[in-house]
Every structure is written in C-alpha cells, then in structure tokens.
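Here is the structure we will look at, set down as structure tokens.
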Amino acid sequence: MIITTTPTIEGRTIEAYLGVVAGEAIVGANVFRDLMASLRDIVGGRSAAYERELERARSIALQEMEEKCRELGGNAVVGVDLDYEVVGATGSMLMVSASGTAVRIR
C-alpha cells in the first residue's frame, strides 16, 4: 500500500476518495527510561530508548491507519499527517496519531 504525505501519487490516477482514516498509538515510558532520558538532557545526547518508543508508536499508528483504509476498499492513503504529543497527568505517555485520505488508485 502506498502511504504518502502528498495529495497525489505521481504516475497513478485516483479513482475514488473513500474518506478520512486515522490511527493512534499511545505508549508509556517507564521510570528507568525517564531517568536515563533526564541524565541525557543534563549531559547532552540522544535518548535511544525514547526514540525506539516513538518509532514503535509511529509504526502502530500507520499500521492502524492502513488497516482502516483496506476496510474501506482503498489501496493508498494520501495527504498523511503525523502528530506527536505527550499526554498523561505526569507527561509520561507518548501519543502518535496518523491521519490521511483513503483512496483507490489504478
């Protein structure tokens, strides 16, 4: 399935617009990861643990969006937008949402 942020797919014709589809994923970060991320903030560097969690959440959100597209009879999603948020009372949850327009292309 083609998933793209662009409104069209070069070389392909959109036969039908099937509606907006979305996928969401919320993942929690554990105390150990939070502690290690805090240390990295102090000394600098990247937090590989958080990056892996974000990657996992993005993958789940995109897969969920793709499944919803298939349920509508689509074979591509155009105009995809990815949003990232920190949620929860203590900000310990990471949310990724993906949305776009399900289409049928030929």
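Only heavy atoms go into these numbers, but all of them, side chains included; no hydrogens, no water, no symmetry mates. Source: prediction; values computed, not measured.
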Distance (rounded to the nearest 0.5 Å) between L72 CG and T101 OG1: 11.0 Å
Any side-chain heavy-atom pair of E53 and R56 under 4.5 Å: yes
Nearest-0.5 Å distance that lies between atom CD in E66 and atom CD1 in I3: 4.5 Å
Validation row: I9, I14 side chains within 4.5 angstrom (heavy atoms): no
Closest contact, heavy atoms only, A102 versus V21: CB-CG1, 3.9 Å
Beyond-backbone contact of L62 with L82, side-chain heavy atoms, under 4.5 angstrom: yes
Shortest non-hydrogen separation from V78 to V103 and the atoms involved: CG2-CG1, 3.9 Å
Side-chain heavy-atom pair S59, Q63 within 4.5 angstrom cut-off: yes
Non-hydrogen atoms of M65 and G100 that approach each other most closely: SD-N, 3.9 Å
Exercise: identify the closest heavy-atom pair between D83 and D81: OD2-OD2, 3.1 Å
CD/E15: more than 12 non-hydrogen atoms of other groups inside 6.0 Å: yes
Donor-acceptor contact present, side-chain N75 to main-chain I105, <3.5 Å: yes
Shortest non-hydrogen separation from V77 to V80 and the atoms involved: CG1-CG2, 3.6 Å
Smallest separation among heavy atoms of A25 and A61, with atom names: CB-N, 4.1 Å
E85 side-chain N/O to M95 backbone N/O, donor-acceptor pair under 3.5 Å: no
Any donor-acceptor N/O pair, R12 side chain to R106 backbone, under 3.5 Å: yes
